[in-house]
Amino acid sequence: MALVALLVLAVSLAWPASSQSLPVLVPVTKDPATSLYTLPFHYGANLVVDIAGPLVWSTCQPGRLPAKFPCTLPTCRLANAYPVPGCHEPGCEQDRRKDGTCTAYTYNPVTGVCASGSLDRTRIVANTTDGSNPVSQVNVRAVAACAPETLLASLPRGSTGVAGLAGSGLALPAQVASTQKVANKFLLCLPRGDYGNGVAIFGGGPLHIHGQSEIDWTQSLEYTPLVQRNENPAYSVLVKSIAMDNTRVSVPDSALATGGVVLSTMVPYTTLRRDVYRPFVDAFAKAVVAQSRHGWPVARAVKPVAPFELCYDSGTLVSGRGGYFVPGVTLTLDGGKNWTMFGGGSMLNVEPGTACLAFVEMKGVKAGDGRAPAVLIGGFQMENFLLEFDMEKKQLGFFRLPFYAPCGQFNFTRSA
């Protein structure tokens with residue numbers, strides 16, 4: 001960690017520090033075609049949000065001469081601190097001599113394709129915020145890797161690259177922290193459907209939702225430690241158990257510990273390794289049946305709709321403004337805190353009259369394989385949750401926003 005701190009400092013010394021101390025605000029948009037999320041970059045282009053990505057990368061303008069980042073610069077070491085399995089070994093041109101130019105290996109997290117490219121200085125046009133409104137425009141200076149246009153395959157239309165938000169020195173949060181003199185943490189609230197834009201605030205809160213301006217929602221956050229696995233910069237948490245309402249799912253503690261539980265914006269729905277998925281789905285189905293024994297309507301199972309396994313006739317489910325009244329899925333986290341997903345975060349309307357449990361089985365991974373996470377918490381389950389990723393305190397804050405104050409109601413219009 002001392003090495004990372006040194007390298008982050010080296011990046012911050014590349015430019016004079018800004019006197020601006022307000023956090024930096026960007027809207028987050030959900031792409032309906034891919035279910036991925038984007039944030040604005042500059043010149044009308046967008047970057048895909050990857051909370052596990054260690055770098056910022058984009059396609060560079062043809063003919064543009066890249067900035068010179070020698071191999072000996074600490075920034076080069078930082079750009080190659082997290083090699084992607086299956087990609088070429090990172091390196092430099094001209095056999096790493098003093099005049100060699102740093103090469104970074106960019107990675108498409110959807111297709112798994114890698115490409116080499118030089119580092120360049122760039123900027124992200126954003127606004128500072130007081131937690132309620134945009135305050136003033138700011139150019140956030142950053143180091144990004146250049147990538148060929150072929151690396152954009154399967155990313156949302158109009159995007160030009162990826163904004164890595166992981167806990168690494170060249171990810172966007174660390175770069176904003178070093179150049180804008182704000183805390184190395186960020187708030188993230190992913191949007192759902194047509195409820196407007198989500199929010200990312202680099203540097204932390206407060207966060208006030210339009211119409212609820214007297215409430216700072218960051219004061220409602222509960223915290224659990226963030227852990228790092230196998231030198232991977234992705235955000236991982238310790239989950240002690242899973243329950244449906246108050247009934248524990250029969251998943252051994254060792255299964256959840258093997259591979260851990262990782263947060264990912266690159267999978268649309270929470271994905272579970274087979275040894276966790278099978279008892280999870282069975283427990284949910286039994287819990288739905290048990291509801292009918294306590295006076296609830298009998299939920300009628302229907303033919304599944306891929307990629308989901310457990311689907312119901314939505315007309316037989318009781319619903320409210322917060323979603324369907326189905327068994328709550330609770331993750332008991334390290335520190336004793338509970339992350340509970342109610343119907344709005346567990347059930348998805350896939351077609352007229354059909355709602356499915358929005359959890360899927362991890363493909364191509366054997367049960368108990370520790371090389372893969374036990375659970376990947378996907379974007380759908382994080383939507384309208386206020387999340388705070390704090391790299392300084394190594395903790396994750398989380399809070400489910402109420403239906404009357406979704407993050408899509410944040411005011412992105414600058415006050416007069």
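Sequential numbering from 1 along the given sequence is applied to the chain's residues. Basis for what follows: all heavy atoms, side chains included, without hydrogens, waters or symmetry-related copies. Nothing here was measured: the structure is a model prediction, and the numbers come from that model.
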Tell me the closest heavy-atom pair linking Thr111 and Asn108, and the distance in Å. N-OD1, 3.1 Å
Closest heavy-atom pair, Thr270 versus Ile377, reported as atoms and distance to 0.1 Å, is OG1-CA, 3.5 Å
Do Phe385 and Trp339 make the cut of ring centroids closer than 6.0 angstrom? yes
Taking the six-membered ring of Phe41 (Phe, Tyr or Trp), confirm whether the NZ or CZ of Arg123 is under 6.0 Å from its centre and within 45° of its axis. no
Residue pair Val28 / Val199, side-chain heavy-atom distance below 4.5 Å: no
Looking at Asp282 and Lys286, is there a salt bridge between them, counting it only when a charged N and a carboxylate O are closer than 4.0 Å? no
Indicate yes or no for a side-chain donor-acceptor contact from Thr354 to the backbone of Val350 under 3.5 Å, with no hydrogens or angles considered. no
List the atom pairs, donor and acceptor, that lie under 3.5 Å between side-chain atoms in residues 243-262 and the rest of the protein, sequence neighbours left out.
residue: Asp245; atom: OD1; partner: Gly328; partner atom: N; Å: 2.9
residue: Arg248; atom: NH2; partner: Asp253; partner atom: OD1; Å: 2.5
residue: Thr258; atom: OG1; partner: Ser254; partner atom: O; Å: 2.6

With side chains defined as the heavy atoms from C-beta onward, is the minimum distance between Phe202 and Leu172 less than 4.5 Å? yes
If you look only at distance, which donor and acceptor atoms sit under 3.5 Å apart when one is on a side chain in residues 152-164 and the other is two or more places apart or in another chain?
residue: Ser159; atom: OG; partner: Pro156; partner atom: O; Å: 2.6

Where do Cys76 and Cys71 land on the disulfide bond (SG atoms under 2.5 Å apart) test, with the steps shown first? CA-CA 6 Å; Cys76 184; Cys71 290; 4.9 Å; no
Under the criterion side chain to side chain contact (heavy atoms under 4.5 Å, CB included), I'd like the reasoning laid out for Val24 against Val140: C-alpha separation, chi angles, the key distance, then a yes or no. CA-CA 9 Å; Val24 174; Val140 180; 4.0 Å; yes
Tyr277/Phe359 aromatic ring centres below 6.0 Å: no
Between OH on residue Tyr235 and CG on residue Leu226, distance to nearest 0.5 Å: 7.5 Å
Please report the closest heavy-atom contact between Met391 and Pro173, naming both atoms and the distance. CE-CB, 3.6 Å
Would you list the pairs meeting disulfide bond (SG atoms under 2.5 Å apart) in which at least one residue belongs to residues 344-374, sequence neighbours left out? Cys311-Cys356
Is there side-chain contact between Thr38 and Val49, with at least one heavy-atom pair below 4.5 Å? no
NZ/NE/NH1/NH2 to OD/OE distance under 4.0 Å, Lys30 and Glu383: yes
Are Leu73 and Cys102 packed together at the side-chain level, in the sense that at least one heavy-atom pair is separated by less than 4.5 angstrom? no
Val227 side chain reached by Leu238 side chain, heavy atoms, under 4.5 Å: yes
For the atom pair CG (Asn127) and CG (Asp130), what is the distance rounded to the nearest 0.5 Å? 11.0 Å
Spell out, as yes or no, whether a donor-acceptor pair under 3.5 Å connects the side chain of Asn133 to the backbone of Thr129. no
Is the backbone N or O of Thr224 less than 3.5 Å from a side-chain atom of Asp334, with the two atoms forming a donor-acceptor pair by type? no
What's the spacing between Leu396 CG and Leu263 CG if we round to 0.5 Å? 6.0 Å
What is the distance from atom CD1 of Ile51 to atom CE of Met382, rounded to the nearest 0.5 Å? 4.0 Å
How long is the span from the CD1 atom in Ile209 to the CZ atom in Phe410, to the nearest 0.5 Å? 7.0 Å
Which residues pass the side chain to side chain donor-acceptor pair (under 3.5 Å) test with Thr59, sequence neighbours left out? none
Please list every donor-acceptor pair under 3.5 Å in which a side-chain atom of residues 342-349 meets a protein atom from a residue at least two apart or in another chain.
residue: Ser346; atom: OG; partner: Phe342; partner atom: O; Å: 3.2
residue: Asn349; atom: OD1; partner: Tyr324; partner atom: OH; Å: 2.6

Do any N or O atoms from the side chain of Glu361 and from the backbone of Arg274 form a donor-acceptor pair under 3.5 angstrom? no
Going by atom types alone, do Thr29 and Asn197 pair a side-chain donor with an acceptor below 3.5 Å? yes
Distance check, rounded to the nearest 0.5 Å: Leu165 atom CG versus Leu188 atom CG? 7.0 Å
Looking at Arg121 and Arg141, would you say the former's side chain and the latter's main chain have a donor-acceptor pair under 3.5 Å? no
What closest approach, in Å, do Asp120 and Cys146 show between heavy atoms, and which atom pair accounts for it? CB-SG, 4.0 Å
Candidate pair Val125 and Val138, rule side chain to side chain contact (heavy atoms under 4.5 Å, CB included), full reasoning: CA-CA 6 Å; Val125 180; Val138 64; over 6 Å; no
Report the C-alpha separation of Leu39 and Asn46 in whole Å, then their side-chain angles, then the decisive distance to 0.1 Å, and conclude whether the side chain to side chain contact (heavy atoms under 4.5 Å, CB included) test is met. CA-CA 5 Å; Leu39 56 80; Asn46 298 316; over 6 Å; no
Taking the side chain from Arg192 and the backbone from Phe380, do they hold a donor-acceptor pair closer than 3.5 Å? yes
Indicate yes or no: at least one non-hydrogen side-chain atom of Thr72 is less than 4.5 angstrom from one of Pro70. yes
Is it the case that the side chain of Trp217 and the backbone of His208 share a donor-acceptor pair, with hydrogens and angles ignored and the cut-off at 3.5 Å? no
Aromatic ring centroids of Phe186 and Phe389 under 6.0 Å? yes
List the steps and the verdict of side chain to side chain contact (heavy atoms under 4.5 Å, CB included) for Val276 and Ile242. CA-CA 10 Å; Val276 180; Ile242 304 175; 4.1 Å; yes
Please determine if Glu392 and Lys185 form a salt bridge, counting it only when a charged side-chain N lies under 4.0 Å from a carboxylate O. no
Which heavy-atom pair separates Tyr82 from Pro233 by the least distance, and what is that distance? CD2-CD, 3.4 Å
Only counting residues at least two apart or in another chain, list the ones meeting side chain to side chain contact (heavy atoms under 4.5 Å, CB included) with Ser116. Thr103, Tyr105
Scanning both residues in full, the closest heavy-atom pair of Pro327 with Phe284 reads O-CE1, 3.7 Å
Do Glu388 and Lys393 sit within salt-bridge range, that is, some charged N less than 4.0 Å from a carboxylate O? no
Please check this pair: side chain of Gln381 against backbone of Ala358, looking for a donor-acceptor N/O pair closer than 3.5 Å. yes
Taking side chain as C-beta onward, heavy atoms only, is Val182 less than 4.5 Å from Val176? yes
Any donor and acceptor pair, going by atom type alone, linking the side chain of Asp50 with main-chain N or O of Ala52 inside 3.5 Å? yes
Main chain of Gln228, side chain of Ser236: is a donor-acceptor contact present, judged purely on distance under 3.5 Å? no
Contact between Ser241 and Thr332 at the side-chain level, heavy atoms closer than 4.5 Å - yes or no? yes
Test side-chain contact (heavy atoms from CB on, under 4.5 Å), reference Phe398, set Leu331, Asn338, Leu333, output is Leu333
